[in-house]
Chemist: 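Supplied in structure tokens, the structure appears directly below.
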Amino acid sequence: MTATATVSLTGSFTLDAIRRIQREVNGRLDADGVTVDLSAITEVDSTAVSLLLHWRRKAREGGRTLTLHAPPASLVSLAKLYGVEDFLALS
């Protein structure tokens, strides 16, 4: 049986909230399969895209899966702007 985890993020996913977000997910991304629930995110900036890219790379390097659930339209829009929506699998 593989270990799985769900991380639910809420509120802002911006530079101002990065420390809070890192505390919330600290150590939880090491499971074999992780789902990050983004449905309650209310605001994003490029920090969100950058951190999600980091988490995705870390998961791939470790042979783990990372699923991004219910990303807000603003995050999808930013990922498309930066050309990383396919790598993040947001669409």
Chemist: Starting from the C-alpha separation in whole Å, work towards a yes-or-no answer on side-chain contact (heavy atoms from CB on, under 4.5 Å) for Asp32 and Thr65.
Modeler: CA-CA 6 Å; Asp32 292 337; Thr65 60; over 6 Å; no

Chemist: What distance do Leu66 atom CG and Trp55 atom CH2 have between them, rounded to the nearest 0.5 Å?
Modeler: 8.0 Å

Chemist: Using atom types as modelled and distance alone, determine if a side-chain donor or acceptor of Arg64 lies under 3.5 Å from a backbone N or O of Lys58.
Modeler: yes

Chemist: Of the non-hydrogen atoms in Ser12 and Ala17, which two are nearest, and what is the gap between them?
Modeler: O-CB, 3.4 Å

Chemist: Compare all side-chain heavy atoms of Thr4 with those of Thr35 and state whether any distance is below 4.5 angstrom.
Modeler: no

Chemist: Taking NZ, NE, NH1 and NH2 as the nitrogens, is one of them in Glu24 or Arg20 under 4.0 Å from a carboxylate oxygen of the other?
Modeler: yes

Chemist: Carefully, step by step, assess Thr67 and Val36 under the rule side-chain contact (heavy atoms from CB on, under 4.5 Å).
Modeler: CA-CA 6 Å; Thr67 303; Val36 179; over 6 Å; no

Chemist: For Asp16 and Thr14, what are the C-alpha separation, side-chain angles and deciding distance, and is it a side chain to side chain donor-acceptor pair (under 3.5 Å)?
Modeler: CA-CA 5 Å; Asp16 291 339; Thr14 61; 4.9 Å; no

Chemist: Can you measure from NE2 (His69) to CG (Leu90) and round to the nearest 0.5 angstrom?
Modeler: 12.5 Å

Chemist: Starting at CG of Leu81, measure out to OG of Ser46 and round the result to the nearest 0.5 Å.
Modeler: 10.0 Å

Chemist: Of the non-hydrogen atoms in Pro72 and Val44, which two are nearest, and what is the gap between them?
Modeler: CG-CG1, 4.3 Å

Chemist: Working to the nearest 0.5 Å, report the span between OG of Ser50 and CG of Leu15.
Modeler: 10.0 Å

Chemist: Can you check side-chain contact (heavy atoms from CB on, under 4.5 Å) on Tyr82 and Leu53, steps first, answer last?
Modeler: CA-CA 11 Å; Tyr82 298 135; Leu53 285 169; over 6 Å; no

Chemist: Ignoring hydrogens and geometry, is there a side-chain-to-backbone donor-acceptor pair from Asp37 to Thr6 under 3.5 Å?
Modeler: no

Chemist: Nearest 0.5 angstrom please: Ser8 OG to Leu38 CG, how far?
Modeler: 9.0 Å

Chemist: Between Arg57 and Phe87, what is the shortest heavy-atom contact and its length?
Modeler: CG-CZ, 4.0 Å

Chemist: Provide the closest heavy-atom pair for Lys80 versus Glu85 in the form atom of the first, atom of the second, distance.
Modeler: CA-OE1, 3.2 Å

Chemist: Step by step, work out the side-chain contact (heavy atoms from CB on, under 4.5 Å) result for Leu75 and Ile41.
Modeler: CA-CA 9 Å; Leu75 179 59; Ile41 292 296; over 6 Å; no

Chemist: Atom OG1 in Thr42, atom CG in Leu9: separation rounded to 0.5 Å?
Modeler: 11.0 Å

